[in-house]
Amino acid sequence: MTVRTRFAPSPTGFLHIGGVRTALFNWLFAQRHGGKFILRIDDTDEIRNLETALEPILKGLQWLGITWDEGPGVGGDRGPYFQSQRADRYATAAKQLLDTGFAYRDFATPEELDAERKEAQAAGRPFLYSRRFAAFDEKAATQFEAEGRRAVVRLKMPREGNLVIDDKVRGQVTFAWEREQDHVIQRADGSCLYHLATVVDDHDMEISHVIRAEEHLSNTPRQAFIYQSLGYTLPTFAHLPLVAEPGSRTKLSKRKLAKYLKNRDFAQVNEHGMKIANQIGLEPESDTFNPVIVDFYRDVGYLPWAVDNYLTLLGWSLDDHTEFFTRSQLIENFSLERVNSSPASFDPKKLWTVQDHYMQQLSTAEKLDLMMPFLLKSGLVDEPITDEIKGLVAQIIEASGDRLKVAGDILTYATFFLVKDLVLDPAAVTKRLAKPGTADLLKRFIEHIEAVEPFHPETLESALKSVVESSGKKVGDLIHPVRVAVTGTTVGPGLYDCLTILGREKSLARLRDALEFCQ
RNA sequence: GCCCCCAUCGUCUAGUGGCCUAGGACAUCGGGUUCUCAGUCCGAAAACAGGGGUUCGACUCCCCUUGGGGGUACCA
């Protein structure tokens, strides 16, 4: 049997991190078994602007390298791949269920149903619809219609026996049929609901393995009933553990951002991303730009594989020590058997360290390619990009070393090299320049480096040390003021590297400018 | 309420009856290195939810309790 898996997102305007994890596992499983991964769009509800709502999802998956074999943009012979274009298929299926007696027309009003539901709850027994307004023949239907009632189509669920699902993650799960509701599959206006649509689609698209989040486990019986009643064979089910909130077991949701921001790690990662976004003029809105949404990571300059690798570890592990995988290693080793069954909470800080790991593997040239767009967007560098600029940025990248965690971090470390007029951070001035004796030391350092040859880290270091030694001071007494003078801040790459990259002219100019802040 | 799922350090996890004095990673804390930061090195603290069984022997199997989560829609 050919393995065919699918991911069926609703076009909501953004790609959620939990959704990505589901997509990833489906993709990995298909890859592992030489199968196909299908992308289907669940747009049964009215979508105001499909294009706008869909694009971030498609772009996000593409960025992550989660490619689909059939679906939007690539086609396929089991389409269409948009539920909105498949309404007639669902209606046909609903009619078939009606004709074969597995569904019935129900004329109850929502209020009548609600009353029954409340009654059952008050009595402490499970709710089971009385089927009081069910029309099992034309005569009854005509009568209800004469009363001005309108019918929906409900599943006529079995009321005895059990259903046993052999879930690939959870093992055997048993449901009693009598606890299952007669769910509505078609509204009075003829439109069909999710559960019917999903089953019909999965069957039409020959999905062999339904791999989805645990929230769907309880939905499985009613879907299984539809499969059976329509004469379809059941796919293999695998219910993945939920991706939970940071430090919690509750399902991760895009709506509870304020709560997540109270989590220190989450807040830290968010703030770091926000800073970069602001520097490249994104002016992001927090409901579409935050660590729960994939765009955040792309826009800030994370590596897609770092996100994939981290997300894979959320609910799956190979063994007791392997954490980093190449794409092919992962595909080779992925299996549903090693998927965990308990919820996994999303830890942005761990993603951060996975990202750090992969970033440090890159060559300077690779980092340059990733980071240059950020410099362009921020306006620190203009088109056309000359070899001179490239060389300069490459030097900055090398000097910055593993301080660069994401591509956007280049903005933090390149700014003071590229900016025309350096603005000194007032706090740094107070801390490092406005100290007695600093002016004198700086002046002597300026004299030393005016003529030092060559203008290189080693020679600059010995120049600085000789100034310090001859004045009976400590290295820190001079090195910190110099750093603030030439970079405007207290943190950065090695000082001698900074001076060298900046060059003699600029270094001297900045040192002289800084004298006015000294004592 | 009812149904289903889940339960090892704060977090991700290893563990499939004796290899467990419970291993690794992130985070945390302490220390070394360093011009700052980042890094790096060394070290510390940190868990089998509770109670019953089964067994010569339970983190591992069974039951109960407790806790957490999901579902229970003319949402997906």
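In what follows, chains are A, B, ... by sequence order, proteins preceding strands, each numbered from 1.
- A salt bridge between A:E111 and A:K118 is absent, with no side-chain N of the basic residue lying under 4.0 Å from a carboxylate O of the acidic one.
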Are any protein N/O atoms closer than 3.5 Å to N/O atoms in nucleotides 60-69 of chain B? If there are, list each pair with its distance.
| residue | atom | partner | partner atom | Å |
| --- | --- | --- | --- | --- |
| B:G69 | OP1 | A:T250 | OG1 | 3.4 |

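- Partners of A:K349 according to the salt bridge (Lys or Arg N to Asp or Glu O under 4.0 Å) rule, which considers only residues two or more places apart in sequence or in another chain, do not exist here.
- Phosphate proximity of B:G15 to A:R338: present, with a side-chain N or O under 4.0 Å from OP1 or OP2.
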Pairs under 3.5 angstrom, nitrogen or oxygen only, protein versus nucleotides 37-43 of chain B, please.
| residue | atom | partner | partner atom | Å |
| --- | --- | --- | --- | --- |
| B:C37 | O2 | A:R403 | NE | 2.3 |
| B:C37 | N3 | A:R403 | NE | 3.0 |
| B:C37 | N3 | A:R403 | NH2 | 2.4 |
| B:C37 | N4 | A:R403 | NH2 | 3.1 |
| B:A38 | O2' | A:D402 | O | 3.2 |
| B:A38 | O2' | A:K405 | NZ | 2.8 |
| B:G39 | O2' | A:D402 | OD2 | 3.1 |

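- With A:I17 as the fixed residue, the side-chain contact (heavy atoms from CB on, under 4.5 Å) test singles out one of A:N290, A:L311, A:I293: A:L311.
- The environment of A:K156 atom NZ is sparse: at most 12 non-hydrogen atoms of other residues, nucleotides or ligands sit within 6.0 angstrom.
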All N/O donor-acceptor pairs, side-chain side in residues 238-247 of chain A, below 3.5 Å, sequence neighbours left out:
| residue | atom | partner | partner atom | Å |
| --- | --- | --- | --- | --- |
| A:H239 | ND1 | A:D167 | OD2 | 2.6 |
| A:H239 | NE2 | A:R212 | NH1 | 3.2 |
| A:H239 | NE2 | A:T220 | OG1 | 3.3 |
| A:E245 | OE1 | A:S248 | OG | 3.4 |
| A:E245 | OE1 | A:K259 | NZ | 2.8 |
| A:E245 | OE2 | A:K256 | NZ | 2.9 |
| A:E245 | OE2 | A:Y260 | OH | 3.3 |

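- A search for ring pair (Phe, Tyr, Trp, His ring centres under 6.0 Å) contacts involving A:Y297 returns A:Y302, not counting sequence neighbours.
- Ion pairing between A:E116 and A:R132 holds under the 4.0 Å rule for side-chain N and carboxylate O.
- Each of A:P241 and A:Y194 lies near RNA chain B, and the nucleotide nearest A:P241 is the one positioned closer to the 5' end.
- Under the 4.0 Å criterion applied to side-chain N and carboxylate O atoms, A:E215 and A:K251 are assigned as salt-bridge partners.
- Note on A:N340: a side-chain N or O is less than 4.0 Å away from OP1 or OP2 of B:A14.
- Between the base of B:C5 and the side chain of A:R170 there is no donor-acceptor pair shorter than 3.5 Å.
- For the pair A:V173 and A:F237, the minimum side-chain heavy-atom distance is 4.5 Å or more.
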Output a table of nitrogen or oxygen pairs between the protein and nucleotides 18-24 of chain B separated by less than 3.5 Å.
| residue | atom | partner | partner atom | Å |
| --- | --- | --- | --- | --- |
| B:G23 | N2 | A:D320 | O | 3.3 |

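- Where A:I479 and A:A8 meet RNA chain B, the nucleotide closest to each residue was compared, and A:I479 sits on the side nearer the 5' end.
- For A:E147, the CD atom is densely surrounded, since the number of other residues' heavy atoms within 6.0 Å is greater than 12.
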